[in-house]
There are 2 protein chains.
Amino acid sequence: MSTTSTSQTTPRRATITDVAREAGTGKTSISRYLNGETSALSPELRARIEAAIQRLDYQPNQMARGLKRGRNRLIGMLLADLTNPYSVEVLQGVEAACHALGLMPLICHAANEVEMERRYLQLLTTYRVEGVIVNALGVREETLRPVGSGGIPAVLVDRSVEGLVADIVGLDNRAAAELGTRHLLDGGFREIWFVVQPFEQVSSRRLREAAFREVMSTQPAAGVKDAQGHTLVLNLADPLQTERSLAELDRAIDAANSHAGTVGNAARVAVFAANAPVALRLALHLKARYGADWQARVALLSFDDPEWAELTGITTIRQPTYEIGYRAVEFLYERIEGVQTTARDCLLPGELIVRASTSR
Amino acid sequence: MSTTSTSQTTPRRATITDVAREAGTGKTSISRYLNGETSALSPELRARIEAAIQRLDYQPNQMARGLKRGRNRLIGMLLADLTNPYSVEVLQGVEAACHALGLMPLICHAANEVEMERRYLQLLTTYRVEGVIVNALGVREETLRPVGSGGIPAVLVDRSVEGLVADIVGLDNRAAAELGTRHLLDGGFREIWFVVQPFEQVSSRRLREAAFREVMSTQPAAGVKDAQGHTLVLNLADPLQTERSLAELDRAIDAANSHAGTVGNAARVAVFAANAPVALRLALHLKARYGADWQARVALLSFDDPEWAELTGITTIRQPTYEIGYRAVEFLYERIEGVQTTARDCLLPGELIVRASTSR
DNA sequence: CTGTTAGCGCCTTCAT
DNA sequence: ATGAAGGCGCTAACAG
């Protein structure tokens with residue numbers, strides 16, 4: 001109720017007008033000072049302005065600046081799942097690039113909820129971000145209508161979105177899947193299970209699975225005979241389905257282990273996880289079923305390189321996550337600056353990190 | 001090169017003026033509609049406005065609204081280290097609460113760099129966020145001058161900051177450390193090493209270490225005799241120092257294992273990690289040194305409950321991370337709304353999750 | 001070199 | 001029930 005009698009509440013931040021008054025000059029000069037048009041200011045005036053700013057602890061209001069000049073240096077970073085270390089790593093690259101380019105990333109976490117994704121996109125739009133980097137859930141274009149061709153510039157990360165033409169940067173899934181599969185074949189494995197979450201909706205999963213199948217079906221040409229490849233869908237969102245899938249895998253492992261005539265890796269089944277969450281779920285299950293020494297019966301290879309990989313000794317395909325994030329921002333920045341080329345694809349190579357799991 | 005020389009660039013978003021014109025009315029009515037002052041609008045006008053908004057795909061500019069009404073519903077969330085799963089989990093709670101309260105969190109990741117922290121704080125301030133939640137690096141007050149008493153409302157998470165009076169929410173470190181230590185003592189361990197990153201600067205680490213030492217020094221009263229407690233500082237930021245510290249631990253483990261007269265857990269040394277990053281580093285080292293069966297010689301107990309804990313079978317103290325984040329936002333919201341009570345402490349209990357590591 | 005003026009998109013009295 | 005006018009904090013022409 002009290003007016004300005006007591007400065008109990010936060011003592012309103014100083015505005016450019018306050019500074020102008022304090023420095024005994026006009027707002028324009030302050031503005032010029034703020035924008036580094038230092039050449040057009042007498043040293044004397046400049047000093048006065050500096051002092052006034054100091055005294056008032058003045059900090060220009062970005063919102064107002066943004067409103068005026070029509071851009072606020074904000075970009076949105078929409079992440080499907082921060083729980084996945086992949087996301088955090090990409091984020092680091094994004095942050096570094098933003099820092100370098102004078103951008104401020106608004107990080108939004110959809111937590112695997114389509115509804116959240118929609119909501120955040122709308123919010124970003126409303127805050128007039130200059131562009132967005134989207135690590136989308138596996139959804140069709142409609143939910144991200146505001147971005148892309150018609151709306152604000154967008155760059156996709158890891159996954160493309162059906163019907164949305166936009167730059168995309170991510171792993172070279174095809175090459176990486178081949179790398180992994182060949183590593184297993186070269187290691188002597190003859191039964192390989194590719195385990196992946198439902199993949200129809202998510203382009204990266206689709207590509208990985210397809211490349212795996214292709215290598216498996218053409219491998220006779222590479223001198224390998226009678227190797228079998230299977231694809232197993234693991235729906236982590238549904239515990240019941242997950243159980244069923246795991247049971248199927250168990251049967252295969254048990255069967256393989258009971259074959260008498262085989263030795264070495266030919267007797268072990270190899271499991272190729274399409275990403276870290278899948279690998280974790282598999283490892284937990286296998287450990288629960290076969291005990292601490294589960295890797296004696298199963299070899300595990302996984303996309304991503306989570307922090308526990310080294311501890312467990314599983315082989316992985318590490319993605320150049322930092323660079324993915326960095327490049328995404330660079331692409332976006334170009335778009336913001338008006339570059340009009342056709343949609344670009346930036347596929348970065350993965351790195352195979354061989355550990356005990358596949359090389360004993 | 002361009003067909004329609006006009007709409008080549010993004011077709012400027014519609015403004016409230018456009019909508020007013022389209023609906024054949026004044027800006028005021030549009031504004032009223034947007035703010036739900038539906039009672040003061042004839043159904044007929046309302047319908048026209050609705051239609052106009054649809055047609056123009058109009059979305060009010062939050063920046064402008066914020067500028068005008070002096071608040072933008074933005075809050076800052078400053079995180080010391082997103083790489084630590086703790087942060088991501090807290091974040092989930094923060095997001096949920098923001099969602100519920102109509103706030104939009106600006107997530108800033110300091111990546112363990114004091115300079116970053118300073119920079120982001122300054123940035124948040126210029127964007128005129130209404131408050132900040134700070135999971136600070138271990139720094140003194142000065143770097144976060146803009147917040148707290150003098151500046152915008154702030155709530156601390158996990159760690160207090162010397163010289164800054166503000167609400168704080170986090171784990172009840174004292175109780176949790178006691179819980180863990182007693183668990184080890186009850187399990188028969190007689191040599192316990194508390195391993196922690198440099199803790200002078202970080203209140204939570206300090207509290208944990210102090211509580212550990214206190215329990216160890218008063219335990220004779222609890223009927224336990226001759227148990228030894230040691231504190232080992234592991235400076236993860238410095239590889240060399242880390243090596244040295246680990247070597248010291250190794251010597252202790254080797255010595256304990258060579259004692260003839262002891263059996264069971266009395267022969268194993270227990271290591272109590274002050275957080276997940278420390279636990280991971282320890283586990284990696286121990287595995288490298290003692291092989292896959294390292295837990296036969298060392299029991300590991302850790303604060304935090306990282307995803308690999310179950311896989312490795314180490315005992316942990318899980319923090320109520322989600323709730324911590326949620327409560328932090330609630331506190332902040334109250335402050336934003338003007339609540340003036342003295343600084344509050346919200347200490348939430350941890351949960352001991354016993355696994356094979358400490359119970360074989 | 002420096003100040004004046006006119007908005008950016010929106011909300012808010014204050015009239016009508 | 002509706003609209004006109006002024007201003008939030010700042011920048012960008014224009015003068016001088």
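Each chain gets a letter, A, B and so on, in the order its sequence line appears, and its residues count up from 1.
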K27(B) or T17(A): which one's nearest nucleotide on DNA chain D is closer to the 5' end?
K27(B)
Within the structure shown, what part of the strands sits under 4.0 Å from T15(A) by heavy-atom distance: base, sugar-phosphate, or nothing?
sugar-phosphate
Heavy atoms of chain A, cut-off under 4.0 Å: which first and last nucleotide of DNA chain D, 5' to 3', fall inside that, if you could look?
dG9(D) to dC14(D)
Distance-only, no hydrogens or angles: does the N35(A) side chain make a donor-acceptor pair with backbone N or O of E37(A) under 3.5 Å?
no
For S203(B) and S160(B), indicate whether the former's side chain and the latter's backbone hold a donor-acceptor pair under 3.5 Å.
yes
When all nucleic acid strands are considered with a 4.0 Å heavy-atom cut-off, which category describes L41(B): base, sugar-phosphate, or nothing?
sugar-phosphate
Which residues within residues 66-75 of chain A lie with some heavy atom under 4.0 Å of an atom in DNA chain D?
K68(A)
Describe the nucleic acid contact of S39(A) in one word from base, sugar-phosphate, nothing, applying a heavy-atom distance below 4.0 Å.
sugar-phosphate
Applying a 4.0 Å non-hydrogen cut-off, can you work out what S31(B) is touching in the nucleic acid: base, sugar-phosphate, or nothing?
base
Do V19(A) and K27(A) have side-chain heavy atoms sitting under 4.5 Å apart?
no
Check: E89(B) side chain, Y322(B) main-chain N or O, donor-acceptor pair, under 3.5 Å
no
Base, sugar-phosphate alone, or nothing: which one does T28(A) contact when heavy atoms must sit under 4.0 Å apart?
base
Positional range of nucleotides in DNA chain C within the contact set of chain B, heavy-atom, under 4.0 Å:
dG9(C) to dC14(C)
I'd like to know if R46(B) and E50(B) make a salt bridge, using a cut-off of under 4.0 Å between side-chain N and carboxylate O.
no
According to side-chain hydrogen bond (donor to acceptor under 3.5 Å, both in side chains), does anything in residues 96-105 of chain B pair up with another residue at least two apart or in another chain? List the pairs.
R119(A)-H99(B)
Measure from the side-chain N and O atoms of E323(A) to the backbone N and O of L348(A), and report whether any donor-acceptor pair falls under 3.5 Å.
no
Main chain of R128(A), side chain of N72(A): is a donor-acceptor contact present, judged purely on distance under 3.5 Å?
yes
Mark yes or no for whether R344(B), through its side chain, and D167(B), through its backbone, hold a donor-acceptor pair below 3.5 Å.
no
Close residues, residues 44-59 of chain B, relative to DNA chain D [heavy-atom separation under 4.0 Å]
L45(B)
Any chance you could measure D18(A), atom CG, to R21(A), atom CZ, to the nearest 0.5 Å?
5.0 Å
With DNA chain C as reference, determine whether E37(B) or A64(B) sits nearer its 5' end, using the nearest nucleotide of each.
A64(B)
Would the distance check show the side chain of R73(B) and the main-chain N or O of G102(B) forming a donor-acceptor pair, the cut-off being under 3.5 Å?
no
If you fit an axis to the five pairs at each end of the helix from dC1(C)-dG16(D) to dT16(C)-dA1(D), how big is the angle between those two axes, to 10 degrees?
40°
More than 12 heavy atoms from other groups under 6.0 Å of CD on E337(A)
yes
Taken to the nearest 0.5 Å, the spacing of L124(B) CG from M77(B) CE works out to 11.0 Å
Report the residue (R32(B) or L34(A)) whose heavy-atom-nearest nucleotide on DNA chain D is the more 5′ of the two.
R32(B)
For the pair R159(A) (side chain) and A136(A) (backbone), establish whether a donor and an acceptor sit closer than 3.5 Å, ignoring hydrogens and angles.
yes
Taking T126(A) for the side chain and Q62(B) for the main chain, is one N or O donor matched with an acceptor at less than 3.5 Å?
no
Report yes or no: does R32(B) contribute a side-chain atom to a donor-acceptor pair with the main-chain N or O of G36(B) at less than 3.5 Å?
no
